[in-house]
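The structure under discussion appears below in the form of structure tokens.
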Amino acid sequence: MASCQRLLLLLLLLLAAASPGQSRPSSTSFSLAGSWLLRSQDGSVALQAQVPGCVHSALLQHGLLQDPYYRFNDLNYSWISLDNWTYSKEFRIPFDFSKLQKVNLIFEGVDTVAEVLLNNVTVGKTDNMFSRYTFDITKEIRELNIIKLHFQSAVSYAAQQSKAHTGYRIPPECPEPVQKGVCHVNFIRKEQCSFSWDWGPSFPTQGIWKDVRIVAYDLCHLDDFTFTPTYVSSAREWNLKIEAYFDVVSSKPFGGQVTVSIPGLQTHQIYDIELHPGKSMIPLLLNINKVYFRTVELIEASIAGSSGLSFYFKINGLPIFLKGSNWIPADSFQDRVTSDLLRLLLQSAVNANMNTLRVWGGGVYEQDEFYEICDELGLMIWQDFMFACALYPTDQAFVDSVRAEVVHQIRRLKSHPSVIIWSGNNENEAALAENWFSVPSSKFQMYIRDYVTLYVKNIREIVLAEDQTRPYVTSSPTNGAESIAEGWVSRKPYDTHFGDVHFYDYESDCWNWKVFPKARFVSEYGYQSWPSFSTLEKVSSPEDWSYNSSFSVHRQHHRNGNAEMLDQAAINFKLPQNSDPLVMFKDTLYLTQVMQAQCIKTETEFYRRSQSEIVHGEGHTMGALYWQLNDIWQAPSWASLEYGGKWKMLHYFAQHFFSPLLPIGFEDDGVFYIYGVSDLHLDYRMVLTVKVHRWSSLEPVCSYRTEHLVVKAGQAAPLYKEPVVELLKRCGQCTRQSCVISFDLTAGGQLSSPTNYHFLSSLKDAVGLEKAQITAKITQQGNTYNFELRTTAVAPFVWLDVGSIPGRFSDNGFLLTEERKTVLFYPWKSTSITELEKSLHLISLADIY
Ligand code: BMA
């Protein structure tokens, strides 16, 4: 995938008028990005603001705000989004436009509701953050100009729209009080989580959030071009379809030539075309017989031994298990999402062996760089359209706005090989099917009609017309073909026999895999944890540093979330006990991360080992995307990466549980099994080593190596089976409480899996677990640091924390069963041994008791 994108980026499109005597099309443009003047409605605040940007960022840059994420500032600063701000700028056109036929003002993104004036004449209005706006300013443009954008508060606009919708309710009206958010976000085409979410604050921004430029041209202008490859197996070649969208301003048709050149493929082709006045799309076809692109198919087919249908992806003809997580906006203020930050987060996904991210429908269609990096890193993207957890209006103006948004986003994104599926919305089919918002049954059919209007008759129709190379599902979760058969809203969208499911259960014991759905594909599942102390410290003050402080309560946006984490942890662990309140707080943060990591490990391993089997009609699980990859601010959430990118324990665990080759241990009815799971493309002869350790000793009580076993490509299959009673008897000196099992796969010393483990009892019942004394000797080797660890005892969940020093360890949160282990630290900024030694905090589970 990576190579393909790089090659395509070199594709050039040149247009030349062919008829003699006719001039060549000319076009010139300049950006209005940079410094603008920003004023509050009453003029009491006036300052310079950067474009692209937003009001909050401008106020922050001028020192008029503290860090908006500090303590309770999300509430203190709510006035900003209630005001109506004006952006203005004076500018001189740096070229002679008088001879050019058309001058356009193009906004790549306006957030959100604004009236646009040029030289005091209204040239357009905006109401959709996700659309590109092009306004014809040929008549208004002068040499010296003033441009103004009068914004209306997104909050008051949404309220107004909702009030005007008198026929019937479009719920939910407001977020839950615990989210401390604002109402009616479903009435505005804006980042839905900007009005608050169950992991994020309410910062309904205003501003010009993407580039704005003036483009002037003669004859014609190439507005857009896209390319999509399809493989023609009969001819064994790729058809590359290029769609070139022109705005032709010439009053007469004219001919010309387009040159398509892909230097990386030594491809150069010239096309004669004829352009007619107005907007037109010219398709250009190119045949290429080298394999450079990728195909994607969503397979919904019957499965032997199971009712229902499969739901899995074939990439280049091969079934692929999608493993990864869900992406949310990386900041409330999009102008702070730099390419460095995107690269850091996406690289972290790859480092954790993920191959897929779902861009979730409550955020934004991400910036171009996001998809470029994914193309390059080989990450696949499940792309939602931006609708989440709500019903939506379908009046004509709203639908028209959505249509423009969807066309724009498909054309912008479809050339990216990373995007493998379009999906209509997040959980809106489920919201209807399960009647989350208590709509009266008499109105139910009407809401279904609205749903079909939006996601089927409009969005789906546009996807089918604009992009035939990718599948479309109307919602996530959905039953896919079965939902369609049931009229697009299935009675049971969480059916394990069809489509994808989302699964959350905070109460049941997450160490018991029987609580998880053996579904075809699990596109969301998760548990919360707290970020590390060093991350929280930046936005809090000492009085906040306890689990029940008003700060800790304020940052938790999920009802009962803080208690839920401790309740889940208490099922298998003793809760921290310490008389020092700060130590107690830090230990509690650590334990929530231990709980989260271990829960999602158990759950993900269950999904991965369910990929090749059908049990009681369920199975063939082919996807596990946990909720959620990243954080929008410093708060408790389901994320595995903290705000800023620091890895939580879960992320280190993901590196193991998503490993291409993994032995997975579990018990069923007192029998211990190990499955071998492989995402590799070849079968491998491997040896499985199983060791049993006592908590009280660094010498394993017994160790067993199998004969060579074949671990099959793309399969999950049992490799080992032994009743626990026999295993304990065989090893002697062991009880469930006093011992733990570890195991790994190796092949001739070359290929190996991570070492995995299986607990035989809850750790609160563990016998012999000692407070290990663990020391670390740090040495430097080039850009990497070695942490040579030595322990006095077996230690579970060993955690190395270097505070705010950016970087990641090669491994962390591990079970230490040997006296020595070396862990590497990869810094993201330069650091030193002294700095690392000073910041290092090392604990393991027994330290918190
Ligand atoms: C799902 C997601 C998000 C939410 C998460 C955790 O519903 O789609 O809306 O943040 O669960 O509650």
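All ligand and atom numbering here is 1-based and tracks the order in the structure. Values in this document were obtained by computation on a predicted structure and should not be read as measured data.
- One finds a salt bridge joining Arg358 and Glu524 here, because a Lys/Arg side-chain nitrogen approaches an Asp/Glu carboxylate oxygen to under 4.0 Å.
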Carefully, step by step, assess Trp627 and Tyr504 under the rule ring-ring contact (aromatic ring centres under 6.0 Å, His included). CA-CA 10 Å; Trp627 185 265; Tyr504 294 94; 7.3 Å; no
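- Under a cut-off of 6.0 angstrom, the local environment of NZ in Lys457 is sparse, with at most 12 non-hydrogen atoms contributed by other residues, nucleotides or ligands.
- Using a heavy-atom distance under 4.0 Å as the criterion, the protein contacts of ligand 1 are Trp197, Asp198, Trp199, Trp360, Cys389, Asn426, Glu427, Tyr504, Glu524, Trp627, Trp638.
- Between Lys601 and Glu605, at least one side-chain N (NZ, or NE/NH1/NH2) sits under 4.0 Å from a carboxylate O, which counts as a salt bridge.
- Note that Arg555 lies in the cation-pi zone of Trp633, set by a 6.0 Å cut-off to the ring centre and a 45° limit from the axis.
- By the side chain to side chain contact (heavy atoms under 4.5 Å, CB included) test, Ser423 pairs with Trp382, Asp384, Val473, Ser476, sequence neighbours left out.
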